[in-house]
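Here the structure comes first, spelled out in C-alpha cells, and everything after it is commentary.
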There are 2 protein chains.
Amino acid sequence: VSANEEGYDPIQWNTSTNTHPPWLRFHLGISRWQMYQQKDPNLSALTQQLASHRIVSAVQKSGGTQLKLVMSFPNYGQALFKPMKQERDEETNVNLYYFSDFERHNAEIAAFHLDRYQLSPGALGQLTSILGFRRMPPAVGRLINVIKEVKDITTDHKLVTTFFTSPVGNACFYGQCSYYCSTEHAICGRPREVEGSLAAMLPDESLAPRRSWRSPWRRSYSRSKLADWEKYSNYCDSVKKIPPYDRGTRLVDLIDMTILDFLMSNMDRHHYETFEKFGNDTFLIHLDNGRAFGRYSKDEPSILAPLVQCCRIRRSTLLRVRLLSLAPYRLSDVMRASLSQDPLAEVAPLLTEPHLSALDRRLETVLQTVHECLQQHQHHSDVIYDDIIDYRED
Amino acid sequence: VSANEEGYDPIQWNTSTNTHPPWLRFHLGISRWQMYQQKDPNLSALTQQLASHRIVSAVQKSGGTQLKLVMSFPNYGQALFKPMKQERDEETNVNLYYFSDFERHNAEIAAFHLDRYQLSPGALGQLTSILGFRRMPPAVGRLINVIKEVKDITTDHKLVTTFFTSPVGNACFYGQCSYYCSTEHAICGRPREVEGSLAAMLPDESLAPRRSWRSPWRRSYSRSKLADWEKYSNYCDSVKKIPPYDRGTRLVDLIDMTILDFLMSNMDRHHYETFEKFGNDTFLIHLDNGRAFGRYSKDEPSILAPLVQCCRIRRSTLLRVRLLSLAPYRLSDVMRASLSQDPLAEVAPLLTEPHLSALDRRLETVLQTVHECLQQHQHHSDVIYDDIIDYRED
C-alpha cells in the first residue's frame, strides 16, 4: 500500500511495538489460544479508534449474503461495518428460516461483550470478563453518516448507484447482495446518520490464512430433511472418534461455542474458522454473530445439542457459567453494565431488557443440562474436562 | 364455462332475476352512477357468500406487483383474495416509496366500509352509510386455510412450488410476483389459516370493458423529479380546461376520491377506472385500496392537493363530511361500528384505535381546507358544486 494514498497518514512504524498502530498490535497479538490477552492494554485504544477515527474509504464486502462494508482508517486499519436493519424491539419473524434472518448490528456488539475481556476493570465489581473466551474480534457501535462517510468517499461505483433520498428526506442506500439489497430494505439515515457495528478486521487471509470447518452439528439447509445429529441420539459418540474431535480440546472448544450461541440464540454457526498456522490445537474464532439476539421470547434448545449429546464441558466454563447465575454477577446485570460502555448505548441500550432476561433464563438451561449430565455419569470427570492451562482466570 | 367442472354447481339460472346468484345480481346492478344501490337487498347475500362459500379454485392474478389470488365459488362467483402481510399495529416504514408499500387486507375492507352503503341499517343510529359513495366493489374479511383452500385446489403449478413449512410448522407460500414474492416475505398460516380480504370481482373486461384514466394529480415515480401539480399552484386552472374535467361532474368526482384517499392516507391512486359503456358521465371506480391505512401517526397533505388547488367540492359530500365531524355521527365511531360487523372483527379489530383517531383528525383537515376555500372565494357556489341528482341521501 502506498503511503501517499489520499486520506491516509504516512506510515511511521517500524519493527518496534510502540510505533505500531492499535490494529497492528491487535493482529500481532493474536495467539494460538486467544484473540487478545486477558488484560490487553491495546484493546481500549483499538475500540476507541474503531468508534471515532476518520473513515477514508468504504467499499462493499464481497461474499456473504447481506450488505456489509469494509471501512478504512487513515492509519490503514480496517473494520467491517454492519448497518442497523431492524429496530431493537423487533423479534425475528417465526416463519423465517435462520438463514434468511437479518443480520443485526447490536448482536455483533453484544456478542463481543458476552465473549470478551472487560474493557474497564471495576465496572463489573471484581469481575473483569463475562464468558472470558476472548475468541472474537472487537466490535463497537458507531453512528455513520451515510453521505459523508460512505457515498462521498467510496470508490465502489455500484454502491453509489444505490443511494437515494427517501420520501421523508432521509439518505438511504441498499447496495448489491443476494438478500435484502433492494429499496424495500434500504439502509436509511435519520436523516443521514445510521447506527452500525464496526468490528476489527482480522489479518488478511494472505498473511494469516484461516481454515474453515463444517460444524458436525450444522443445521440442515433443506426444508424437509433432518440432519444426522437430529436423527441419532448417540451422534456424539461418532463425532468423538473423528479427528480433530478425537483428541485435545476441540470438542470442548466447540461446546464453549455452543454455550455462547445458545445464550444469544445464534443458529447460524454452520461453519467455524481457525488460524491455519496454529494447526488443530488452537482456539475457534467466534466470527460473524449478526444473527444472534433475534428472539427473546423463545429459546432454541437445538443449539445446545452438542452439550446435551456429548455431556462434556470445560471446568473453567462451567465455573464461569455458575458464577454468572449468582446474584452479584448475574449475567443480565454484567451484560447491561458492560454494554453501557459502548458508544451507541447513548442512543439506546444495545440489548433491550427482554433480551437480557433471556440470557439469565438460558444460562439456567445450560446449568440444568450439565446437572443432568452429571447425574447420568458415574464420574464427574466424564463430564467435566480439565484444561491443562486455563486462560480465563481473572 | 361448463357446468360439469369439478366442484362447481350446475347452472340453474335464467333471465329471471330471482334465479340469479348474488354475484350476478351485483354485476347486473352496476349503474352509470354507482356500484350498487343505496338500499341494495342483494348486498348482504353477496358479502355473506364472499365470507363463507366454499372455494373451488384459487389461482394467482397476473399483473399487479404483489401476490393476490382469484378465488372461485361453486356458483361461478369470483373474488380477489389479498392475504394479510403486516400486523395491524405496524406502520409503513417512512423510508419506503408508496409504490413499494405492502398491500394490506384490512385496508381493502376498511376502504369498502368508508366508501359504502351500510349493511345493517340501525347499527349506526339513523345513519345507513358512511361516505355513501358506493363506488367500490364489496370486500369482506375471511380466514383462509392455505392448504385446503389454496394448495390442494389450485391448478396453478407455479404457485404450488412456492409452498413450504416454516421452522415453527406453519404452512407458508410466497407465489410469483415482482415485489415481496420470496421466502423472506412468505404468507404464513397459524398454523394453516391466514387472514385475508375477499373482494367481489367486477364483470369480466370482455363483457364490461373499463377505461383507465391517468390522474392529473398522479405522483412522480421518479425519486428526483417533481410532478407538475407540485410545481404550479394554479395547476387546477389548466386541468379544468381539459376534457373530461371541463364539464359535468368529473372534477368533483375526482375530488370525492381525493377526500376518500386523504382520509385513509392512500397515495397509490395514479390511475382510476370507469366503465367504458357509460362514457364520460359516470362514477369513478374506487378500485384497489390495499395501500391505504399504512400510517396513522402522520397525515399526507399532498393527497388533498386537488381539493386545495381546485377549491371545489360536491355539496352532498361537504354535508356528509360535516355530519361525520359531529359527535353522534363521528367518523371514528361509525367506522368502528361498521367494521365490527365484518367476520374478521372476531379475530381483531380491522382498524386499530390510532387509525380511527387519524380518520377524525383528517376529516377536520378536509373541513378546514373547505373553510379556507370559502374565505378565498366571493360566492359559495364557486366552491360548492350542486349536483343535479344526489344519490347519497339516506
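Since this is a predicted model, take the numbers as computed values, not measurements. In what follows, chains are A, B, ... by sequence order, proteins preceding strands, each numbered from 1.
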>> Measuring only between side-chain heavy atoms, which start at C-beta, is B/Thr183 closer than 4.5 Å to B/Tyr174?
In response: yes

> Can you name the closest pair of heavy atoms from A/Pro301 and A/Phe262 and give their distance?
Replying inline: CA-CE1, 4.0 Å

>> For B/Lys225, is there any backbone N or O sitting under 3.5 Å from a side-chain donor or acceptor partner on B/Ser220?
In response: yes

> Using a cut-off of under 4.5 Å for heavy-atom pairs, which of B/Leu96, B/Val168, B/Asn93, B/Asn95 has the most such pairs with chain A?
Replying inline: B/Asn95

> Got A/Trp217 and A/Ser302 here, is their nearest side-chain heavy-atom distance under 4.5 Å?
Replying inline: no

>> Please report the interatomic distance OG1(B/Thr154) to CG(B/Leu69), rounded to the nearest 0.5 Å.
In response: 7.5 Å

> Side chain, backbone, both or neither: which part of A/Tyr180 has a non-hydrogen atom closer than 4.5 Å to chain B?
Replying inline: side chain

>> Has B/Tyr235 got a side-chain atom pairing as donor or acceptor with B/Pro216's backbone, closer than 3.5 angstrom?
In response: yes

> Would B/Arg269 and B/Asp261 count as a salt bridge (charged side-chain N to carboxylate O under 4.0 Å, His left out) if you check the C-alpha gap in whole Å, the side-chain angles of each, and the deciding distance to 0.1 Å?
Replying inline: CA-CA 8 Å; B/Arg269 193 77 74 188; B/Asp261 283 339; 2.8 Å; yes

> How would you list, in number order, the residues of residues 185-192 of chain B that have a heavy atom less than 4.5 Å from chain A?
Replying inline: B/His185, B/Cys188

